[in-house]
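Owing to the predicted nature of the structure, the values given are computational and were not obtained by experimental measurement. Residue numbers start from 1 in every chain, and the chains themselves are labelled A, B, ... in the order their sequence lines are given, proteins ahead of strands.
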Amino acid sequence: MKMKHETIETNAGLLVILTLIVISIGGLVEIVPLFYIDDTVEEVDGVRPYTPLEQRGRDIYVREGCYNCHSQMVRPFRDEMLRYGHYSLAAESMYDHPFQWGSKRTGPDLARVGGKYSNEWHVRHLIDPKSVVPESIMPGYPWLARRDLAYDDIERRMRALRRVGVPYSINEEEYQANVERFGEQTARMLHIDDARENLEAQARRGNYDGDPSRITEMDAMVAYLQMLGTLVDFSQYDEGYFVEFR
Amino acid sequence: MSESGQSPEAPAGKGVPTTGHTWDDNLRELDNPLPRWWLWGFYATVIFSLIYWLLYPAWPVADTFTKGLSTVTFEVDGEERTTHWNSRALLVRDMQTGDSALRQREFLQVIDDSTLDEVLGDTNKLAFVNSYGRGMFGDFCAACHQTGGAGLMGVYPNLADDNWHWGGDVETIAQTITHGRLGFMPDYREVLDEQQRDHVAAYVLSLAGYEGDAEKIARGGEIFQGREGGCHACHRHDGTGLRSQGAPDLTNDIWQNIDVAGAEDDAARRALISQLVHDGVRQEMPAFGDRLSDAEIKVLATYVHQFGGGQ
């Protein structure tokens, strides 16, 4: 069948389908190869899935729309390296669903904010940013400190993430695989059946919001912020190591 | 459209074939050849992409991709390494051979090779410290200690005055930055009752030169110096404070955690101190030893030292 110009232009449905096909080709040739090119995700020690508390903090990060102003990707340029530290690796966001790379930087990049400020500073800053950074235009998030953290559904959240490939364990076999891969201490944090206990224990031990009497959304948020970008020990690798993956 | 707009039979269209499709009775599309300049532009982009594919990483092939002919050379541990063109390699090369990176490294090396006192005694080195340190302080320190180093009353110590908890000589400042600090005073809510705390407050105020009820001061002094309060263990018997514990000097009128000097009257001043004794203090400064190089810490230490309070 010979398709004429006129046939397509006078048939809206056909035009839509053909347009979608043409656009998809453009996207597919850029995206699909990344899934089977070996070097897309770097081989690196230390990266692990989020603990239950960190994962809840991350959910809140997404809920509050932090990504609207903060990126989480240090790009490989000198000025970025001087300010934020080592450029981000693909491996560092391999367990992110969805990733928070972003490109909008109304505020600073947060990919390596972990450990840069004290917990107490984060709490103060999240409640009222201008109290510590007078020139800041970031809005306050005072309710994080007031609201109890909802974590009744933490197991279900982890199961959902497991479905898309995050190695949270649901049985002995998977747990043992995690022990081998991440070490025993981390593997325990990734076991779904113990998620609630683990979350409570980490919040109690970390006392991120300075109020040990209860677990608030602030606890989860600060726990998440304080681990961002801290998993890889870059002193283990020479300057040329990560170059080979691009 | 055709009635109010241009006629489809406009002279420009004469003799040019149309696509053959007619809209709204008489609206037709001329089928002119593409303009020459546009066509050549198009061919140029095709040629550009062919050259680009040849030089740079481009096409996926099985589990790898074509790396391109273009290369980047940099050094790893004194050995030259050449790799296909990519932005990470460019960064490594820029950090090693770029003009501004080299200049910066040269200056940082000078700082690294000098002792802290040598940096403080040399105008050239100080000039570098002041320009490089300004950016670093803004990024790493100003979030808490504020841009000018004045800190925040009650939370973050003032670095611009001459009053130090842990010591204001440049070595100690460098140590503070490297290892961080944990300032801790236990809370006395279970140990001292309200009246006792009030007496301690009166005594502490007398140390700072305030006048007050002699009887209260005497009783507060007993608690401060005795086993009941044990305050002297960190603040010392004369109230000047142990630097090793980060215990502030109580014999001056400089207050970090509570605004005593700004309080209205004696009762308000005592209330402030009593509350602090009740609550205790826990303040943490993070360690920067893992995040910054030795030279960078030296830069920051000497930069902070120059705020005006350096000892």
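- Between the side chains of A:Tyr50 and A:Asp96, at least one donor N or O sits under 3.5 Å from an acceptor N or O.
- With a 4.5 Å cut-off on non-hydrogen atoms, A:Arg75 does not touch chain B at all.
- Between the side chains of A:Gln72 and A:Tyr61, at least one donor-acceptor pair of N or O atoms lies under 3.5 Å.
- The choice from B:Glu75, B:His84, B:Lys67 that makes the most heavy-atom pairs within less than 4.5 Å of chain A is B:His84.
- Contact count versus chain A (heavy atoms, under 4.5 Å) is highest, among B:Ala89, B:Pro286, B:Ala143, B:Ala287, for B:Ala143.
- In terms of heavy-atom pairs under 4.5 Å with chain A, the best-connected choice from B:Gln146, B:Met136, B:Glu284 is B:Gln146.
- Look at A:Asp109 and A:Arg105 and you find a salt bridge, because one of the NZ, NE, NH1 or NH2 atoms lies within 4.0 Å of a carboxylate O, short of that distance.
- Looking at A:Tyr117, the atoms closer than 4.5 Å to chain B (heavy atoms on both sides) sit in the backbone and in the side chain alike.
- Across A:Ser93, A:Ser71, A:Ser88, a single residue satisfies side chain to side chain donor-acceptor pair (under 3.5 Å) together with A:Trp101, and that is A:Ser93.
- B:Val155 touches chain A through its side chain: at least one heavy atom from C-beta onward sits under 4.5 Å away, while N, CA, C and O do not.
- When the candidates A:Glu9, A:Lys116, A:Glu120 are compared by the number of heavy-atom contacts under 4.5 Å with chain B, A:Lys116 comes out ahead.
- For a residue to count as touching a neighbouring chain, one of its non-hydrogen atoms must lie under 4.5 Å from one of that chain's; by this rule A:Thr10 touches chain B with the side chain only.
- Chosen from B:Gln104, B:Met285, B:Arg282, the residue pairing most often with chain A at heavy-atom distances under 4.5 Å is B:Gln104.
- The contact between B:Asp63 and chain A is made by backbone and side chain atoms together, counting heavy-atom distances below 4.5 Å.
- Side-chain contact check for A:Arg181 and A:Thr186: no donor-acceptor pair (N or O, by modelled atom type) lies under 3.5 Å.
- Looking only at atom types and distance, the side chain of B:Thr71 has no donor-acceptor partner in the side chain of B:Trp85 under 3.5 Å away.
- For B:Thr64, the part lying near chain A is the backbone, with the side chain staying farther off; criterion is any non-hydrogen pair under 4.5 Å.
- For the pair A:Gly115 and A:Gln226, the tightest heavy-atom approach, listed with the atom from each and the gap, is N-OE1, 2.9 Å.
- If you measure heavy-atom distances from B:Glu296 to chain A, you find no contacts under 4.5 Å at all.
- Using a 4.5 Å cut-off between heavy atoms, B:His145 makes no contact with chain A at all.
- Looking at B:Asp31 and B:Thr18, their side chains never bring a donor and an acceptor atom within 3.5 Å of each other.
- Residue contact with chain A, scored on non-hydrogen atoms closer than 4.5 Å, involves the side chain of B:Trp23 exclusively.
- Within the 4.5 angstrom heavy-atom criterion, no atom of B:Gln283 approaches chain A.
- Within the 6.0 Å centre-distance limit, the rings of B:Phe137 and B:Phe307 are counted as a close aromatic pair.
- Contact count against chain B (heavy-atom pairs under 4.5 Å) is highest for A:Arg124 among A:Arg124, A:His125, A:Met81.
- Here A:Phe242 and A:His86 bring their ring centres to under 6.0 angstrom of each other.
- Most heavy-atom pairs under 4.5 Å with chain A: of the set B:Phe74, B:Trp59, B:Tyr156, this distinction falls to B:Tyr156.
- B:Arg81 has a carboxylate O that lies under 4.0 Å from a charged side-chain N of A:Asp238, or vice versa, which qualifies the two as a salt bridge.
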